[in-house]
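In what follows, chains carry the letters A, B, and so on, assigned in the order in which the sequence lines appear, proteins first and then strands, with residues in each chain numbered from 1.
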2 protein chains.
Amino acid sequence: MFVIDNSSKTPIYEQIKTQILALVSSGVLKPGDKLPSLRSLSSSMSLNINTIKKVFSELENDGVIISVLGSGSYVSDNAVRNPKILEKAENELTEALRSAKSVGVTKEEVLSLVEKIYEEEIR
Amino acid sequence: MFVIDNSSKTPIYEQIKTQILALVSSGVLKPGDKLPSLRSLSSSMSLNINTIKKVFSELENDGVIISVLGSGSYVSDNAVRNPKILEKAENELTEALRSAKSVGVTKEEVLSLVEKIYEEEIR
DNA sequence: ATAAGTGTGCTATCTGAGATAGCACACTTT
DNA sequence: AAAGTGTGCTATCTCAGATAGCACACTTAT
């Protein structure tokens, strides 16, 4: 279902969260769409159900999905370009930019990197 | 000496490392300059000496400083725009850019953020 | 109605990274 | 000789992340 890098220092639940957000932003998952159940996801990914629970509860707290007891979890109406998610992404980008600048990466190098990233096709 | 945010998820040793790198890149610390000793740094910052040891050993491994037994630690000759450091910064920036893009941040928003960051004066 | 499937809410345990603590050693500087 | 320096250990503590298991409340499918 999702790709997990166990050697990454980024926690598994963050990796899954990121990938679900990407699916929502790219339109693969649309508002109202039903997500896989906690149990099916955790078993298919060989992860503990609590790990998936954490992903879903954070996504719900961010307003990206809505979980309904007994029924399932669904993409919320205002999931696309969600304010909390956008702000977090921008904050992280700001930190990375400040860090790069402080270490001597030039503005030109950054701009060319931005061009390159935004030319990449979405996988 | 350095500013530590204990609430940050970034480890203390990483925070110090980042700030030393900034001092080197900005020219406050020049090649050949002597760094404070492990013991003086750890005691003045109320941190364990092992935490500072980790900072210095990583910086030495990156080629930014050189530690001399019995004498002290010194900024190395090729510390400015050090390849390993630049590559790490660019990799992190790439990740942040991909993540922002995947979540719906537009290229224009990124470009304006880059402008803003590079207009900031160095503190 | 029943069974299966769903999310929720706990508690407990394990692991590894990060940080602390303390000691001994080798070497340089004063 | 004394003080200061980096190095190399081992041990301990804490916390986040992940696993494990159970009970409960509710919805959906049969």
Side-chain angles (χ1 to χ4, degrees), chain A residues 1-20 29 31-76 79 88 92, chain B residues 1-20 29 31-76 79 88 92:
Chain A
M1 194 71 190
F2 297 108
V3 182
I4 299 302
D5 177 8
N6 287 297
S7 70
S8 168
K9 65 183 289 183
T10 304
I12 295 176
Y13 77 91
E14 285 279 4
Q15 294 184 39
I16 299 175
K17 198 179 161 186
T18 300
Q19 291 177 56
I20 291 180
L29 282 176
D33 282 358
K34 189 171 190 170
L35 294 169
S37 74
L38 293 177
R39 289 170 180 82
S40 69
L41 250 189
S42 60
S43 87
S44 73
M45 299 187 64
S46 303
L47 292 174
N48 193 277
I49 189 175
N50 292 311
T51 305
I52 310 295
K53 262 192 229 179
K54 184 160 191 175
V55 175
F56 279 28
S57 66
E58 288 208 1
L59 285 173
E60 179 162 32
N61 183 59
D62 288 339
V64 175
I65 70 174
I66 295 171
S67 292
V68 181
L69 197 157
S71 174
S73 299
Y74 306 85
V75 178
S76 75
K88 191 187 166 204
E92 287 173 354
Chain B
M1 194 74 188
F2 297 108
V3 182
I4 298 303
D5 177 7
N6 287 298
S7 70
S8 169
K9 66 183 289 183
T10 304
I12 294 176
Y13 77 91
E14 284 280 5
Q15 294 183 39
I16 299 175
K17 198 179 162 187
T18 300
Q19 292 176 56
I20 291 181
L29 282 177
D33 282 358
K34 189 171 188 169
L35 294 169
S37 74
L38 293 177
R39 290 170 178 81
S40 70
L41 249 188
S42 60
S43 87
S44 74
M45 298 187 65
S46 303
L47 292 174
N48 192 277
I49 190 176
N50 293 311
T51 304
I52 310 295
K53 262 192 232 177
K54 183 159 191 176
V55 175
F56 279 27
S57 66
E58 289 209 0
L59 285 173
E60 180 163 32
N61 185 59
D62 288 340
V64 175
I65 70 174
I66 295 171
S67 293
V68 181
L69 197 156
S71 173
S73 299
Y74 306 84
V75 178
S76 74
K88 190 187 167 204
E92 288 173 354

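- Taking each heavy atom of Thr51(B) and Tyr13(B) in turn, the nearest pair found is O-CB, 4.1 Å.
- Using a 4.0 Å heavy-atom distance criterion, Ile49(A) is classed as making no nucleic acid contact.
- Minimum heavy-atom separation, Gly32(A) to Tyr74(A): O-CD2, 3.7 Å.
- Two residues, Gly70(B) and Gly72(A), neighbour DNA chain C, and the one matched to the more 5' nucleotide by heavy-atom proximity is Gly72(A).
- Rounded to whole angstrom, the span from the CG atom of Asp5(A) across to the P atom of dA18(D) amounts to 12 Å.
- Counting only distance, with no hydrogens or angles, the side chain of Ser42(A) and the backbone of Leu38(A) share a donor-acceptor pair below 3.5 Å.
- At least one donor-acceptor pair under 3.5 Å links the side chain of Gln19(A) to the backbone N or O of Val3(A).
- Ile12(A) comes within 4.0 angstrom of sugar-phosphate atoms only, judged by non-hydrogen atoms across all strands, and of no base.
- Of all the residues in residues 50-67 of chain B, Asn50(B), Lys53(B), Glu60(B), Ser67(B) reach under 4.0 Å from DNA chain D with at least one non-hydrogen atom.
- With the nearest nucleotide of DNA chain D identified for both Arg39(A) and Leu69(A), Arg39(A) has the one nearer the 5' end.
- At least one donor-acceptor pair under 3.5 Å links the side chain of Ser76(A) to the backbone N or O of Val64(A).
- Using a 4.0 Å cut-off between charged side-chain N and carboxylate O, Asp62(B) and Lys88(B) make no salt bridge.
- Among the atoms of the strands shown, only primed sugar atoms or phosphate atoms (P, OP1, OP2) are found under 4.0 Å from some heavy atom of Ser73(B).
- Under 4.0 angstrom from either OP1 or OP2 of dG17(D) there lies at least one side-chain N or O belonging to Tyr13(A).
- Summarising the base pairing, dC22(D) is matched to dG9(C) through a Watson-Crick or G-U wobble pair whose two defining distances lie under 3.5 Å.
- Between chain A and DNA chain C, the heavy-atom contact criterion of under 4.0 Å yields a 5' to 3' nucleotide range of dG5(C) to dC10(C).
- Looking only at distances, no side-chain donor or acceptor of Ser71(B) sits under 3.5 Å from a matching main-chain atom of Val68(B).
- Looking at Leu47(B) and Ile16(B), their side chains come closer than 4.5 Å, going by heavy atoms from C-beta outward.
- With sequence neighbours excluded, no residue forms a salt bridge (Lys or Arg N to Asp or Glu O under 4.0 Å) with Glu60(A).
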